[in-house]
Amino acid sequence: MKNDPKILVIEDLEHINKLICSYLENDGYEVFSASNGKTGLKLFNKHYPDLVITDVVMPETNGYEVCRQIKSKESTRLIPVVLLTSLDDNESYIKGMDVGADDFLIKPINKFLFLARINSLLRVKKLNDKLDNSWNLLFSLARVVEAKDKSTEDHTQRVGNLAKKFGEYLNLSDEETDTLFKGGVLHDIGKIGVPDNILNKSGKLTPTEYDKMKNHTTIGKEICEPLQSMTDIIDIVLYHHEKWDGNGYPEGLKGKKIPLFAQIVSISDVYDAITSHRQYRKSFSKEKAIEFILSERNKSFETKLVDIFINNII
Ligand SMILES: [Fe+2]
């Protein structure tokens, strides 16, 4: 059927290949099969299956290489890969883990155990797809904000990249630097709820207009809140206008009470904003921007973070 999950089976031994395919087809899956890794990868690129089952020892391209290629691409790394092996030894497991395999099955295959594992991996895949869709939706929304705000193109991407670089300098984990990147891209997402005439006003905002502008932090928090796993990103969205001396918004947090990730995105945002050309003002040169950021030590930003930013990030 059209909406049945698609599974790719790569196995060079014909009788095992046929057996696995029959188990899967009888369980309602749409199955594609190949007898070697090279043809398997071609079928993979043609059909984008929901799950791959591959033998390890095969002529030409082996199962580890098939897995490595699938896991090395951002667009396909979340597709589960199951390695089939008759080698029940630690070395094969370690090698399989190294290339990012999601599960291992030892031949001969027990039909019921096999199908239970495949079903469970596909359930995880479905959840990941949902999460991926949510991210795509949020990133699209960030693009809409950029167009609405008439900011320079790719401002949020640059903020994300600067924040990520900062995280790498601090030796944070891949997951944490990824959070900094995503938070950088999404930090102003709440501007979707701020009227265009306020966002694009070239003169000074009235106190009422300024209050409406400030709401973008809390609106952004509400937009991101349904994604429970985004706690750190929500902190960035909510607190990226807080200032070290307590004169920021929305809560007037002071010093170390401001989450570190929000501080990193804040300094990256300010630097990129002042060095980018806007309709209503000229951009700062790098030297002038550094001078400005330095003048904000102990006011908008923590001195230590300013020094790292200026000496190592830009
Ligand atoms: Fe903002």
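We count ligands from 1, going down the list as the structure has it; atoms in each ligand are counted the same way. Since the model is a prediction, treat every value here as computed from it, not as a measurement. Throughout, numbering of the chain's residues begins at 1 and tracks the sequence.
Salt-bridge formation is not detected for the pair Asp245/Lys299: no Lys NZ or Arg NE/NH1/NH2 atom is positioned less than 4.0 Å from an Asp or Glu carboxylate oxygen. For the pair Asp50 and Lys6, the salt-bridge criterion is not met [side-chain N within less than 4.0 Å of a carboxylate O]. Under a 4.0 Å N-O distance rule, the pair Lys256/Glu302 qualifies as a salt bridge.
Taking backbone and side-chain atoms together, His187 has no N/O/S atom less than 2.8 Å away from the Fe ion (ligand 1).
In this structure, His241 has its ring center at least 6.0 angstrom away from the ring center of His187.
Between the NE2 atom of His216 and the OD1 atom of Asp188, the angle taken at the Fe ion (ligand 1) works out to 90° after rounding to 10°. To the nearest 10 degrees, the angle centred on the Fe ion (ligand 1) between NE2 in His241 and NE2 in His240 reads 90°.
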